[in-house]
Amino acid sequence: MASIALFVFAGACWRPVVWLQIRMVAMAQKAVRGGAALPDAYWRYAQWWEWLGYPALWRCWPCFI
């Protein structure tokens, strides 16, 4: 039962992380095409990515040990 709870928690974190990654790629591609710097939103998304991504990762690995 604990492993299911860990997977649910990890999934709840990873879903927005995937959305953030897709948006960040689009922003980076637009910046490269336009020869501009990355927008501030990119760095906010990167911070959210870290805050959500690492906890999800650390909740998944015990399920496989």
Side-chain angles (χ1 to χ4, degrees):
M1 193 64 162
S3 63
I4 292 172
L6 290 172
F7 271 118
V8 169
F9 178 83
C13 289
W14 273 112
R15 289 183 64 136
V17 165
V18 171
W19 181 84
L20 288 167
Q21 287 175 329
I22 291 168
R23 296 296 308 143
M24 290 168 70
V25 166
M27 285 184 225
Q29 289 172 338
K30 185 176 178 181
V32 167
R33 282 193 303 268
L38 291 169
D40 290 337
Y42 179 91
W43 300 109
R44 282 194 307 274
Y45 285 2
Q47 188 175 22
W48 277 103
W49 185 95
E50 296 236 357
W51 279 99
L52 292 168
Y54 291 128
L57 174 67
W58 291 111
R59 296 308 183 270
C60 265
W61 75 268
C63 297
F64 296 104
I65 295 178

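Listed by chain and residue number, Arg23 satisfy the side chain to side chain contact (heavy atoms under 4.5 Å, CB included) test with Ala26 (two or more places apart in sequence, or in another chain). Not counting sequence neighbours, the partners of Trp19 by the ring pair (Phe, Tyr, Trp, His ring centres under 6.0 Å) test are Tyr45. Residues meeting the side chain to side chain contact (heavy atoms under 4.5 Å, CB included) test with Trp51, sequence neighbours left out: Gln47. Under the ring pair (Phe, Tyr, Trp, His ring centres under 6.0 Å) criterion, Tyr42 pairs with no residue, sequence neighbours left out.
Taking each heavy atom of Ala28 and Leu38 in turn, the nearest pair found is CA-CD2, 3.7 Å. Summarising the geometry of Ala31 relative to Ala37, their closest heavy-atom pair is CB-O, 3.9 Å, with the distance given to 0.1 Å.
For the atom pair CE of Met27 and CG of Leu20, the computed distance is 8.5 Å after rounding to the nearest 0.5 Å.
Clustering of Ile, Leu, Val, Met, Phe, Trp and Tyr by side-chain heavy atoms under 4.5 Å joins Val18 with Ile22.
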